[in-house]
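Single-structure report; data block below.
Every value quoted in this text rests on a predicted model; they were computed, and no experiment measured them. Every number for a ligand or one of its atoms is a count from 1 in the order of the listing.
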Amino acid sequence: MSNTFKALGTPVGNLNLSNGGTDVFFDVLTLAGCALAESAWESNLVLLFADGHRIGRGTDGFDLNELPWTANWPAEKAFLLRVVDLAMTRHGWDLLAYQPPFAPDYLRRYRAMVDGWRAPIPVRTPATRPDWTVPPPPEYLERCPKHALYNGMLGCRLCDLTIQPLPE
Ligand SMILES: [Zn+2]
């Protein structure tokens, strides 16, 4: 099983990750995102990573265009790039219970995709888009005392032993 991350409109190809690779990808994005998110939209984006690939194994890739961008999307895209950039500095990786040897490559490729993506374009979405200008439930933003990550809907992802990836 694998997950495909797309950015229709970018000249860069898709990012296909194994299930284990997807867990790593969301771990490092959550570590960086929880350190940066301020606005409601930003918190909702980081919750997508924090709760990502916890239930729908192998179906949790997404096209960037499926996200609920607002008229303020250039700033929202800039925030996503800041999250990726901070992740590329290995922010919080000392909290991981494993070595992520391929994560720098995932992040470098994803950064190129996001950076090359020019603007949101209409795509068919699997469900009604949520409104990310509405703040998430406060309990979702409570943080794990051990990892300082959002608890999200499903609890801190680094405390969830069922998704800790096998060494690659
Ligand atoms: Zn934790």
Side-chain angles (χ1 to χ4, degrees), residues 1-6 15-64 66-68 75-111 113-114 126-127 129-168:
M1 293 289 273
S2 66
N3 298 276
T4 303
F5 296 87
K6 302 179 191 174
L15 178 63
N16 293 302
L17 299 180
S18 67
N19 278 348
T22 303
D23 291 333
V24 171
F25 186 56
F26 283 142
D27 281 352
V28 298
L29 289 175
T30 304
L31 282 164
C34 286
L36 293 174
E38 289 176 358
S39 71
W41 197 95
E42 293 168 358
S43 301
N44 278 299
L45 175 68
V46 174
L47 283 169
L48 179 76
F49 304 142
D51 285 328
H53 208 232
R54 306 283 288 277
I55 297 173
R57 307 288 294 174
T59 58
D60 267 20
F62 57 87
D63 187 322
L64 219 48
E66 292 170 8
L67 300 185
E76 293 155 1
K77 171 183 163 176
F79 172 75
L80 176 56
L81 285 173
R82 281 202 294 134
V83 171
V84 177
D85 284 341
L86 183 62
M88 288 172 81
T89 70
R90 302 175 180 249
H91 180 85
W93 290 15
D94 53 315
L95 296 170
L96 298 173
Y98 58 89
Q99 296 293 324
F102 300 109
D105 182 55
Y106 304 158
L107 291 166
R108 186 183 52 75
R109 287 159 58 197
Y110 197 61
R111 194 191 193 290
M113 282 171 60
V114 177
R129 277 178 218 249
D131 182 356
W132 280 2
T133 63
V134 176
E139 63 267 27
Y140 288 7
L141 301 185
E142 285 174 10
R143 290 174 186 258
C144 163
K146 186 174 173 194
H147 300 109
L149 298 188
Y150 292 158
N151 281 330
M153 203 187 309
L154 302 169
C156 169
R157 62 179 297 119
L158 291 188
C159 287
D160 185 347
L161 296 179
T162 65
I163 58 161
Q164 292 311 300
L166 298 170
E168 295 184 52

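- Taking the salt bridge (Lys or Arg N to Asp or Glu O under 4.0 Å) definition, one finds that Asp85 meets it with Arg111, sequence neighbours left out.
- Counting heavy atoms of neighbouring residues, nucleotides and ligands inside a 6.0 Å radius, atom NZ of Lys6 does not exceed 12 of them.
- In this structure, the salt bridge (Lys or Arg N to Asp or Glu O under 4.0 Å) partners of Arg108, at least two apart in sequence or on a different chain, are Asp105.
- Excluding waters, the protein N/O/S atoms found under 2.8 Å from the Zn ion (ligand 1) are Cys144 SG, His147 ND1, Cys156 SG, Cys159 SG.
- Tested against Asn3, the residues Asp60, Asn19, Asp23, Asn16 include a single side chain to side chain donor-acceptor pair (under 3.5 Å) partner, Asn19.
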Expected list for residues 30-47: side-chain donor-acceptor pairs under 3.5 angstrom, two or more places apart:
{"from": "Thr30", "atom 1": "OG1", "to": "Phe26", "atom 2": "O", "distance (Å)": "2.6"}
{"from": "Thr30", "atom 1": "OG1", "to": "Phe49", "atom 2": "O", "distance (Å)": "3.3"}
{"from": "Thr30", "atom 1": "OG1", "to": "Ala50", "atom 2": "N", "distance (Å)": "3.4"}
{"from": "Ser39", "atom 1": "OG", "to": "Glu42", "atom 2": "N", "distance (Å)": "3.1"}
{"from": "Trp41", "atom 1": "NE1", "to": "Pro68", "atom 2": "O", "distance (Å)": "2.9"}
{"from": "Glu42", "atom 1": "OE1", "to": "Glu38", "atom 2": "N", "distance (Å)": "2.9"}
{"from": "Glu42", "atom 1": "OE1", "to": "Ser39", "atom 2": "N", "distance (Å)": "3.2"}
{"from": "Ser43", "atom 1": "OG", "to": "Ser39", "atom 2": "O", "distance (Å)": "3.0"}
{"from": "Asn44", "atom 1": "ND2", "to": "Ala40", "atom 2": "O", "distance (Å)": "3.0"}
{"from": "Asn44", "atom 1": "ND2", "to": "Trp132", "atom 2": "O", "distance (Å)": "3.1"}
{"from": "Asn44", "atom 1": "ND2", "to": "Val134", "atom 2": "O", "distance (Å)": "3.0"}

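- Within 6.0 Å of CZ in Arg90 there are 12 or fewer heavy atoms belonging to other residues, nucleotides or ligands.
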